[in-house]
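Just so it is clear, the values below take in all heavy atoms, side chains as well, and ignore hydrogens, waters and symmetry mates. Just so we're on the same page: letters track the sequence lines, and every chain starts at 1.
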Amino acid sequence: MNRFKGFLIKEFYHIFRDFRTLLILFGMPVAQILLFGFAITNEIKDVKIAILDEAKDNVTREISDKLLSSGYFILYDNLKSVKDIEPEFRKGIIKEVIIFEPNFSQNLYKTGNANVQLIADASEPNLANMIVGYTSSILMDYQKEIAKSNNTNPSINTEVKMRFNPNLKSVFMFVPGLMAVILLLVSALMTSISITKEKEMGTMEVLLVSPLKPFQIIVGKVIPYLLLAFVNAFVILGLAQFVFGMPIVGNTILLILESTLFVIVSLSLGILISTLSNNQQTAMMASLGGLMLPTIILSGYIFPIENMPYVLQLLSNIVPARWFITIIKGIMLKGSNFSYIMKETFVLIGMALFLILLSIKKFKTRLE
Amino acid sequence: MRIIRFILKKEFLQIFRNKAMIPIIFFMPLAQLLILSNAATYEIKNIKFSVVDLDQSKFSRELISKFTSTGYFILTENSYSVSEAEDGFKKNTSKLIIHIPPDFEKDYRKFGTAKVQAIINGEDGAAAGIINNYTTNIVQQFAKGVETEWTGVSGTEKNPRININYSNWFNSELDYKTYMVPGILVALVSMIGLFLAGMNIVKEKEIGTIEQLNVTPIKKSQFIIGKLLPFWIIGIFELAFGTTLGFFIFNVPMLGSPFLILLLAGIYLLVILGMGLFISTFTNTQQQAMFIAWFFMVIFMLMGGIFTPVESMPDWAQTVTFFNPISHFSRAMRMVMLKGSGFYDVLNTIYILSGYAFVMLTFAIFRYKKVEG
Amino acid sequence: MLYGVDGGEIMVNENIIYAENLTKKFGNFTAVNSISFSVKKGEIYGFLGANGAGKTTAIRMLCGLSTPTSGKATVAGFDVYKQTENIKKNIGYMSQKFSLYEDLTVNENINFYGGIYGLTDKEIKEKTEYLLDILKIEDAKNKLIKSLPLGWKQKLAFSISIIHNPKIVFLDEPTGGVDPVTRRQFWNMIYEAAASGVTVFVTTHYMDEAEYCNRVSIMAEGVIAALDTPGNLKEKYKVNTMHEVFVKIAR
């Protein structure tokens, strides 16, 4: 036990004496959470559009005003003819063209039907969808307004209630994902380097001839980083709550425990990578190049999992971040207690055990 | 010139002799490109919803079947109360609750208006917004449909109606892959370029082989070109290969000129490699170099308009984006590939990227000294 | 002063290395404290001293890897402050940490360094055959350096460091870690190089190797404590080996 303690202390010294790296390990996740929390959203505002108004009457002007004062859109250009549309899109500045047909108000009030065409630049499909959605709802609002001044039509009204996120702040969606992504990457990166560095320097052999057992070496390497990552997780949660206003509806202690569990999984992943790599370069490329995109894309952080092709949904099951995001959102937004997130928790525990056992096994065989 | 040939030969030998590197440089990015491009989508379908129908009339049932017949919604549960239904939110078995009050049909027949409540799981703000849109649209359409049938009140003046026609240009199927593939490809190649270039030089520093080179008559410029050129070549190759894959496998169009893409790619890679070089001039260990490169990489990727639109960001963030080479390059790539934009359309981007490359490389070269002071 | 074709000063008195009050400070720490010495063309000059005495710092200044804080020095007639690139064209260098690329083969290393130093393809080919032959490593020409025994590596590294027939070769602790037989072989190679006109500037902390040099200087704590032929030094201190000379001086 004493040997182990000695080993552990040496590991701590390694880390804390390297001030630059320490700065990076703590400073960067914080900087990133702040940056992304504020910058990454799915809402739209000030989108540049062009209008081709073939009618140029009161009604079209009123509608245009309504659109432009919504805060969502900015008029970039008034087009003169249909021919102008394509080159305008090619320039890459406007995202939508709104075309009012000639004699718009006449058609609207005399025949009861007038036509508007919305052309969206669908090279960014998601944005296009949102833009068209917002434009349509403003047009519909206008229609409702002029309807009020006439007789009422039979109608069915929908009252909409948003649960857990009344203002539809996309922050609530992104911050949990952000936490998962950053914790995973930092932890995996930290530990993946730790073992390979010793291998490269040759000091690994010294460790191996010592009476320390392989699993003690691995655990000893993980613990200091566990503490570091734990502090990181803590700070990130704090930021989420106080800077971004994310509620913690559920149990805070449970949240911290689950976060620790996730950190252990991430660290173990890093350890596994490092037992399989021969030098630092390989370890780093594998953990960064190999984990970054899959984690961002398959974890449900930005893209909803249930809309992915079935194969990918299966694949996302092995991304640890996916389970953690469900857990965080459950606890923070919905106040879920343990029974609701039991399945996810057990999955994470299973992953951690699997990774650690596999690492130990690989470690042993590598030595021979 | 000849000396550069020798340096290049050495670099390539070292890169390809590292057995682990080849899969990492080539297979990993391409595999990710193929797999992940399929995942990236914002389409909402298979929306699980539950119904609390307190009216249980033909009318209410028609409304519900309007939802299920769209193919987007899947009815998972019929509950007796809203609180019971909301449990489904917690269990993630539904995203939407349609709450139909009692006397739904009666009220409509009598007064001509009725109310429906839609409770949406707001966890995912964007999805919730879309579900909101769909729901209100469906209800509207239902209302339009039953107007004449049910009110039996004639003579009401028809209200003026604005008809909206939609068309999507450049991606009429709204195929998200068309949007994502260029972005993912750029992200992957940037990662490889930045990490490898940065770490390569630092590695020589760490091991000490850099001294051996500093003592030879190799000029600074020759050394740097020798270090960057291999990765530039690898980067161009990967981008070209990945774009071709995108074309054949994902049907990503190539409306514009491939040469323009090559030009943009060439300049862009100089920026990335310049950054890697620059990072290597003030770090001493590969670990530090890696972390710093990672830090910037994540920022560039997430804020580069690949996953979320740049237009959604607050103004200060959009200003920051100006300095993000990924956002410029991926936007220009999309413009040329999907819209057929030409040289003059992307001239701005070329200027910006060239300027960036020039600054980065100049700084880095300036900082790299063969002689310690 | 006489000036030569490349603008360097022509060596006066055949001093191919000349240092006068050469100093290197790192902040408050003075690593090399105003040393003065000169090396004659064709000499085998031993630059001795214990670890940490300042030898490596001094050698780095002479090789153009580090700019002196003060003092004067010329190498092959070129000034160490302003003409480092010219110095590098005329010297060879073998460092204690490393010289050859471990992940390249023997052939590839020879090829690379030959090219870097400006040898033509024909010259490289000839040199390669020559080296492989005299070092007796024909069979290993396509083996990676990292698979070679240490002794072979060092001999090969030395040969490559003079592949371009430089005027001077700087050897920084070249024989660390090898057995005495290999060290003896290595020194034979040094003798041959010196005989063909290459000046050898070697640092070492093996005092017995000092016996092999024409002249030695002993550095201690940044200054030169002694400078003479091994014979004269042994006489002066009335001892039989250089090792004992060193012990006396270091006290």
Side-chain angles (χ1 to χ4, degrees), chain A residues 24 28 36 39-44 47 90-92 108 112-113 115-120 122-127 133 136 139 143 147 151 153-165 168 170 173 193 280-282 284-285 288-289 293 297 302-303 307-309 312 329 334 336 340, chain B residues 20 24 32 36 38-43 90 112 114-126 133 136 139 143 147 151 156-168 170-171 174 176 179 191 199 286-287 290-291 295 303 307-309 311-313 317 334-335 338-339 341 345:
Chain A
I24 297 175
M28 290 196 175
F36 299 142
I40 301 192
T41 67
N42 257 332
E43 297 133 19
I44 66 168
V47 173
R90 284 243 180 77
K91 280 200 231 148
L108 189 59
N113 270 309
N115 291 309
V116 175
Q117 191 177 21
L118 305 181
I119 304 184
S123 60
E124 264 181 87
N126 179 49
L127 192 58
S136 312
L139 288 171
Q143 184 182 280
N151 296 329
N153 248 2
S155 62
I156 301 182
N157 300 320
T158 322
E159 176 201 334
V160 175
K161 243 198 197 155
M162 285 290 176
R163 275 265 173 273
F164 310 130
N165 188 353
L168 274 197
S170 57
M173 165 63 176
I193 299 173
Q280 288 185 70
Q281 218 175 10
T282 315
M284 287 191 235
M285 289 299 303
L288 283 188
L293 275 189
I297 296 185
I302 302 186
F303 305 115
N307 299 316
M308 298 184 196
L312 290 175
K329 287 205 289 196
K334 300 192 268 196
S336 307
Y340 286 108
Chain B
I24 289 184
Q32 285 187 44
L36 298 177
N38 285 311
T41 170
Y42 282 110
E43 280 163 33
K90 287 224 183 111
K115 220 164 61 166
V116 165
Q117 192 187 45
I119 306 177
I120 305 180
N121 182 347
E123 253 179 81
D124 177 353
N133 271 343
T136 40
V139 174
E147 226 175 65
T151 56
T156 8
E157 279 173 25
K158 269 170 77 181
N159 260 336
R161 278 236 151 74
I162 302 180
N163 298 322
I164 309 180
N165 302 315
Y166 309 89
S167 47
N168 288 306
F170 308 122
N171 186 357
L174 276 192
Y176 284 86
Y179 171 71
M191 273 199 282
M199 284 180 46
Q286 292 179 70
Q287 192 177 10
M290 200 55 160
F291 267 116
F295 176 64
M303 288 180 57
F307 303 119
T308 56
E311 287 77 12
S312 304
M313 298 191 219
R334 280 196 200 110
M335 277 166 66
L338 306 181
K339 295 195 271 203
S341 300
D345 297 317

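- Proximity to chain B (any heavy atom under 4.5 Å) is shown, for A:L139, by both the backbone and the side chain.
- For a residue to count as touching a neighbouring chain, one of its non-hydrogen atoms must lie under 4.5 Å from one of that chain's; by this rule B:I24 touches chain A with the side chain only.
- Counting heavy atoms from C-beta on, the side chains of A:K91 and B:M335 never come closer than 4.5 Å.
- Smallest separation of non-hydrogen atoms from B:N38 and A:P309: O-CD, 3.3 Å.
- The distance from atom NZ of B:K339 to atom CZ of B:R334, rounded to the nearest 0.5 Å, is 10.0 Å.
- Your options are B:Q117, B:M191, B:K115, and the one with the most heavy-atom pairs under 4.5 Å with chain A is B:Q117.
- Shortest non-hydrogen contact noted between A:M28 and B:F291 is SD-O, 3.8 Å.
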